[in-house]
Amino acid sequence: MTAQLPIPSRGAATATRQERSNVLRLAVAQALAGANSTVIYATGAVIGDMLAPAKALATLPVSIFVVGMALCTLPAGAIAERHGRRRVFMLGAGSGVLAGLLASFSVIYASFWLFCAATFLGGVYAAVVLSFRFAAADCVAPERRPRALSAVMAGGVFAGVIGPQLVTHTMDLCAPFLFAATFVGQAAVAALSAIILAGVKLPRPTLADGYAGRPLGIIARQPRFILAVICGVVSYLLMNFLMTAAPLAMKFCGLSQESANLGLQWHVIAMYAPSFWTGRLITRFGATTVVAVGLALIAASSATGLLGIDVAHFWGTLILLGVGWNFGFIGASAMVLECHRPEEKARVQSLNDFLVFGTMTVGSFLSGGLLSSFGWSTVLTLSFAPLLIAVLALLGSAYWTVSRDI
């Protein structure tokens, strides 16, 4: 006598197909929308150097981009809590289209401050894009969340190709207006992303969801949440701090824009390619271990940069930085998922992103001035200070866990 395997109901099969469709659409949208950030990072400091009234302001457009990310996170979370994530996705994509068009006009009319406004809107778009990872995790069973989160982040691999190649093949199309056509292309890619996102179907929030759950202050005081925020902040802060300065540092060292574009391309690929395995690594070894490896790789990236200033050293720095960011940031995001109940997700996730992106603004504002005044070596050396803070937080968390279990 043989036992028969249970046959999934039609409703369960339909739900599974919808989950897969949602994750796939979010991954494709991540690939397209991620090009927005890549284009701004590849061109922002260079355009800033051309248009800024003072050389110290060269990286200000990239810093404004980070400010847009930080200021958008809490309002985006509130809108998602009341009207659903898809409304936020459409608003973000609209900001991406407008950012590209304004940036193109700013280059044509040589307006530094209009370019800063464009990068602010680009930051708004980027913050919405980074919420895709949590949206994917929300629409699958708890045991599949790390893999869904990393699957969406893996879409960024293609963003690492689309963005730099878009810059390389369009930057001279509207000569003598360098990068004007690039931003028109970026606006078109954002519009295509909106079409993909229109097919994402997520449950709409109920009125009770806005009032259910624990107070945010109680959630934020959890040791696990504090550790997640510190590790997420340090991973993203240093990635932004070094990546913002790297293209301009390469220019100062006499390297070509094409070399900077390719370096950034490999950096973004390194940021997202490990996502195919990061979810499995988190499931097997735990988020804390994965984060620790990520921080070690970021330290190795800074050490590589200190060894020399040729193309190989810059590319090595950017690649190690990308892989380290992937492990550190996705691991920290997985920690955040452990800290909230379903009805608390929008508030907790948006608070985490606000703290991460808000702190990033400090590094972004400092990188240009430090690079111009003290050089690339100083920028790299200073990156070890935040790493030390994160390592101490990990050690403190491990000690607290052991003490609690004794």
Peer 1: Determine which pairs satisfy salt bridge (charged side-chain N to carboxylate O under 4.0 Å, His left out) with at least one residue from residues 93-104, sequence neighbours left out, and list them in order.
Peer 2: none
Peer 1: How far apart are the closest heavy atoms of His340 and Gln349, and which atoms are they?
Peer 2: NE2-NE2, 3.3 Å
Peer 1: I'd like to check Leu318 versus Ser301 (side-chain heavy atoms, cut-off strictly below 4.5 Å). Are they in contact?
Peer 2: no
Peer 1: Applying ring pair (Phe, Tyr, Trp, His ring centres under 6.0 Å), can you list everything that pairs with Trp325, at least two apart in sequence or on another chain?
Peer 2: Tyr236, Tyr272, Phe329
Peer 1: State, with a plain yes or no, whether a side-chain heavy atom of Leu102 is found less than 4.5 Å away from one of Leu121.
Peer 2: yes
Peer 1: Could you tell me which residues satisfy side chain to side chain donor-acceptor pair (under 3.5 Å) with Asn326, sequence neighbours excluded, listed by chain and number?
Peer 2: Ser275, Thr278
Peer 1: With the side chain counted from C-beta on, respond yes when Leu320 and Ile298 share a heavy-atom pair under 4.5 Å apart, and no when they do not.
Peer 2: no
Peer 1: What are the two closest non-hydrogen atoms of Val229 and Asn352, and how far apart are they?
Peer 2: CG2-OD1, 3.7 Å
Peer 1: What's the separation between atom OG1 in Thr43 and atom CG in Asp49, rounded to the nearest 0.5 Å?
Peer 2: 12.5 Å
Peer 1: Mark yes when over 12 heavy atoms from residues, nucleotides or ligands other than Phe384 sit less than 6.0 Å from its CZ; otherwise mark no.
Peer 2: yes
Peer 1: Tell me the ring pair (Phe, Tyr, Trp, His ring centres under 6.0 Å) pairs involving residues 84-104, sequence neighbours left out?
Peer 2: Phe89-Phe132
Peer 1: Taking side chain as C-beta onward, heavy atoms only, is Val293 less than 4.5 Å from Phe285?
Peer 2: no
Peer 1: What is the distance from atom CZ of Arg221 to atom CG of Leu216, rounded to the nearest 0.5 Å?
Peer 2: 10.0 Å
Peer 1: How far does CG of Asp310 sit from CG of Leu255, to the nearest 0.5 angstrom?
Peer 2: 8.0 Å
Peer 1: For Leu337 and Phe134, what are the C-alpha separation, side-chain angles and deciding distance, and is it a side chain to side chain contact (heavy atoms under 4.5 Å, CB included)?
Peer 2: CA-CA 8 Å; Leu337 295 175; Phe134 286 134; 3.8 Å; yes
Peer 1: In chain order, what residues pass the side chain to side chain donor-acceptor pair (under 3.5 Å) check against Ser333, with sequence neighbours excluded?
Peer 2: Arg133
Peer 1: Would you say the side chain of Arg86 lies within less than 4.5 Å of the side chain of Leu197, judging by non-hydrogen atoms?
Peer 2: no
Peer 1: Taking it one step at a time, do Leu238 and Leu387 satisfy side chain to side chain contact (heavy atoms under 4.5 Å, CB included)?
Peer 2: CA-CA 9 Å; Leu238 292 180; Leu387 282 170; 3.5 Å; yes
Peer 1: Grab the two heavy atoms, one from Asn36 and one from Gln186, that are nearest each other, plus how far apart they are.
Peer 2: OD1-NE2, 3.2 Å
Peer 1: Provide the full list of ring pair (Phe, Tyr, Trp, His ring centres under 6.0 Å) pairs with a residue in residues 40-78, sequence neighbours left out, each pair given once.
Peer 2: Tyr41-Phe65
Peer 1: Below 4.5 Å, heavy atoms only, C-beta onward: do Val200 and Arg85 meet side chain to side chain?
Peer 2: no
Peer 1: Supply the atom-to-atom distance Cys72 SG to Leu91 CG, rounded to the nearest 0.5 angstrom.
Peer 2: 9.0 Å
Peer 1: Might you point out which heavy atoms bring Ala194 and Ala93 nearest each other, and give the distance in Å?
Peer 2: CB-CB, 3.6 Å
Peer 1: If you apply the rule side chain to side chain contact (heavy atoms under 4.5 Å, CB included), what do you find for Met239 with His267, and how did you get there?
Peer 2: CA-CA 10 Å; Met239 188 279 294; His267 167 71; 3.8 Å; yes
Peer 1: Given side chain to side chain contact (heavy atoms under 4.5 Å, CB included), test Leu306 with Ser377 step by step and report yes or no.
Peer 2: CA-CA 6 Å; Leu306 289 169; Ser377 295; 4.1 Å; yes
Peer 1: Kindly give the heavy-atom pair with the smallest separation between Ala390 and Ile230, and that separation in Å.
Peer 2: CA-CG2, 4.1 Å
Peer 1: Name all pairs fulfilling the ring pair (Phe, Tyr, Trp, His ring centres under 6.0 Å) condition that reach into residues 97-122, sequence neighbours left out, sorted by first residue then second.
Peer 2: Phe115-Phe183
Peer 1: A side-chain contact here means heavy atoms from C-beta on lying under 4.5 Å apart; do Leu295 and Ser235 qualify?
Peer 2: yes
Peer 1: Please name the pair of heavy atoms, one in Leu178 and one in Met50, separated by the smallest distance, quoted to 0.1 Å.
Peer 2: CD2-SD, 4.1 Å
Peer 1: Spell out, as yes or no, whether a donor-acceptor pair under 3.5 Å connects the side chain of Ser131 to the backbone of Val128.
Peer 2: yes
Peer 1: Report the distance from atom NE2 of His83 to atom CE of Met90, rounding to the nearest 0.5 Å.
Peer 2: 15.5 Å
Peer 1: Side chain to side chain donor-acceptor pair (under 3.5 Å) with Thr288: which residues, sequence neighbours excluded?
Peer 2: Arg224
Peer 1: Say whether, by atom type as modelled, one donor and one acceptor occur between the side chain of Ser193 and the main chain of Val189 under 3.5 angstrom.
Peer 2: no
Peer 1: Looking at Leu114, is its backbone amide N or carbonyl O close enough to the side chain of Ser106 to form a donor-acceptor pair, meaning the two atoms are under 3.5 Å apart?
Peer 2: no
Peer 1: Give a yes or no on this: more than 12 heavy atoms of other residues, nucleotides or ligands lie within 6.0 Å of atom CD1 of Ile309.
Peer 2: no
Peer 1: Using atom types as modelled, flag every donor-acceptor pair under 3.5 Å from a side chain in residues 153-172 to any protein atom, sequence neighbours excluded.
Peer 2:
| residue | atom | partner | partner atom | Å |
| --- | --- | --- | --- | --- |
| Gln165 | OE1 | His169 | NE2 | 3.0 |
| Gln165 | NE2 | Gln265 | OE1 | 2.7 |
| Thr168 | OG1 | Pro164 | O | 3.0 |
| Thr168 | OG1 | Asn261 | ND2 | 3.4 |
| Thr170 | OG1 | Leu166 | O | 2.4 |
| Thr170 | OG1 | Thr182 | OG1 | 2.7 |

Peer 1: Can you find a pair of side-chain heavy atoms, one from Ile219 and one from Arg347, that are under 4.5 Å apart?
Peer 2: no
Peer 1: Listing request: all salt bridge (charged side-chain N to carboxylate O under 4.0 Å, His left out) pairs with a residue in residues 254-271, at least two apart in sequence or in separate chains.
Peer 2: none
Peer 1: Scan residues 280-297 for pairs that pass salt bridge (charged side-chain N to carboxylate O under 4.0 Å, His left out), counting only residues two or more places apart or in two chains.
Peer 2: none
Peer 1: Is a side-chain N or O of Thr317 found less than 3.5 angstrom from the main chain of His313, in a donor-acceptor match?
Peer 2: yes
Peer 1: Give every residue pair that meets the salt bridge (charged side-chain N to carboxylate O under 4.0 Å, His left out) criterion with at least one member in residues 58-78, sequence neighbours excluded.
Peer 2: none
Peer 1: Starting at CD1 of Ile282, measure out to CD1 of Ile330 and round the result to the nearest 0.5 Å.
Peer 2: 6.5 Å
Peer 1: Is a side-chain donor or acceptor of Arg147 paired with a backbone partner of Gly279 at a separation under 3.5 angstrom?
Peer 2: no
